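Bear in mind the structure is a predicted one, so any value in this text is a computation, not a measurement.
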Amino acid sequence: MNGVRGTAIGLTCIVLLSACGVPAQDEPHPVTLPRRPLNATASATTGEPAGEVAQVICLTRDDRLVETVRRSGAGLGPQRQLDLLVAGPTPAEQAQGLTTALAATVLRVTVPAGSTTAAVEISAPEEGAGRIDEAVAYGQIVCTLTARPDIAAVRFLRDGQPLQVPDGDGAVTGAPLTAADYRSRIDPP
C-alpha cells in the first residue's frame with residue numbers, strides 16, 4: 001500500500017510541476033540582464049564604472065585584509081588581477097584608507113591546465129625595502145586569486161623552488177593556501 005501511495009504522490013508532483021504555466025521553448029533565446037552594481041555601496045565607493053564582470057581585489061587597512069569589488073567590461077586573467085593588486089588602490093579606495101602591502105613586488109602567476117592551484121612566483125624583496133607584514137602580503141595574493149571561480153588554492157615559488165610563507169596566524173607552510181587560511185585577518189567589506 002505504501003508503494004502505491006508513494007507512486008501516486010510522485011506522479012501528482014510530476015503533473016503539477018509540468019503544468020506550472022511556463023511554456024517550453026525549443027531554442028535558446030537571449031536574456032537581457034539589468035546593468036547595476038553587484039553591491040551598490042561597494043560600487044559607489046570604489047569609483048569604478050558599473051560593468052559586467054566583478055573582480056575581487058584584496059587590499060589592506062590597518063594590517064587587515066579587505067576584499068573590494070571592481071567592475072569591468074570583461075573578465076581579467078589571473079596575471080592582470082595580480083598586476084592590479086600590486087598597483088594598489090584606486091583614489092576612491094585610498095580615500096577609504098585602503099592600501100597594499102605589495103607595492104614594488106614582482107609577481108608571476110601560472111595555473112597548469114586542468115589544475116585549480118595557482119603557482120605564484122614572487123621576487124625577492126629589494127635591499128632597503130621597508131618591512132611589511134608578510135602574512136598580510138601573502139594573504140592579499142591568496143584572497144585575490146581564490147576569489148576567482150577557477151582557482152581554489154595558491155602555492156608560492158621563488159626562483160622556481162617552493163617557498164615557505166606565513167598563513168594568517170603566522171604559521172609557516174609550503175602547502176597550497178586558501179582564503180580560509182587567512183580568515184582571522186579578513187575584515188568584512
Query - Polar side-chain atom of Thr90 near backbone of Glu93 as donor-acceptor pair, under 3.5 Å - result: yes
Query raised in the report: Could you give all pairs that pass the side-chain hydrogen bond (donor to acceptor under 3.5 Å, both in side chains) test and reach residues 135-146, with sequence neighbours left out?
Result: Thr100-Gln140
Requested in this report: Output, in order, the C-alpha distance, side-chain angles, deciding distance and verdict of side-chain contact (heavy atoms from CB on, under 4.5 Å) for Gln55 and Val53.
Outcome: CA-CA 6 Å; Gln55 305 290 330; Val53 180; 2.9 Å; yes
Query - Side chains of Asp150 and Thr116, donor plus acceptor under 3.5 Å - result: no
Query raised in the report: For Gln81 and Arg148, does a side-chain donor sit closer than 3.5 Å to a side-chain acceptor?
Result: yes
Non-hydrogen atoms of [X] and [Y] that approach each other most closely:
{"X": "Val111", "Y": "Pro78", "answer": "CG2-CG, 4.4 Å"}
{"X": "Val69", "Y": "Ala54", "answer": "CG1-CB, 3.7 Å"}
{"X": "Pro176", "Y": "Asp181", "answer": "O-OD2, 4.3 Å"}
{"X": "Tyr182", "Y": "Asp167", "answer": "CE2-C, 3.4 Å"}
{"X": "Ala118", "Y": "Val109", "answer": "CB-CG2, 3.9 Å"}
{"X": "Thr178", "Y": "Ala153", "answer": "CG2-CB, 4.1 Å"}

If you round to the nearest 0.5 Å, how far is [atom2] of [Y] from [atom1] of [X]?
{"X": "Gln161", "Y": "Glu121", "atom1": "CD", "atom2": "CD", "result": "9.0 Å"}
{"X": "Thr105", "Y": "Ile141", "atom1": "OG1", "atom2": "CD1", "result": "7.0 Å"}
{"X": "Cys143", "Y": "Arg185", "atom1": "SG", "atom2": "CZ", "result": "11.0 Å"}
{"X": "Leu145", "Y": "Cys58", "atom1": "CG", "atom2": "SG", "result": "10.5 Å"}
{"X": "Ser184", "Y": "Leu65", "atom1": "OG", "atom2": "CG", "result": "8.5 Å"}
{"X": "Arg70", "Y": "Leu85", "atom1": "CZ", "atom2": "CG", "result": "8.5 Å"}

Requested in this report: Go through Leu84 and Leu76 one step at a time and tell me if the side-chain contact (heavy atoms from CB on, under 4.5 Å) criterion holds.
Outcome: CA-CA 10 Å; Leu84 290 174; Leu76 302 177; 3.4 Å; yes
Requested in this report: Identify whether Leu157 and Leu177 are in the same connected component of the hydrophobic contact network (ILVMFWY, side-chain heavy atoms under 4.5 Å).
Outcome: no
Query raised in the report: Could you go step by step and tell me if Leu98 and Thr68 meet the side-chain contact (heavy atoms from CB on, under 4.5 Å) rule?
Result: CA-CA 9 Å; Leu98 297 174; Thr68 61; 3.4 Å; yes
Requested in this report: Start with the C-alpha distance between Leu107 and Val86, add both sets of side-chain angles, then the distance that settles side-chain contact (heavy atoms from CB on, under 4.5 Å), and finish with yes or no.
Outcome: CA-CA 8 Å; Leu107 304 172; Val86 170; 3.6 Å; yes
Query raised in the report: Just wondering, are more than 12 heavy atoms of other shown residues or ligands nearer than 6.0 Å to CZ in Arg64?
Result: yes
**Report entry** Side chains of Thr117 and Val154 in contact at under 4.5 Å (non-hydrogen atoms)
**Finding:** no
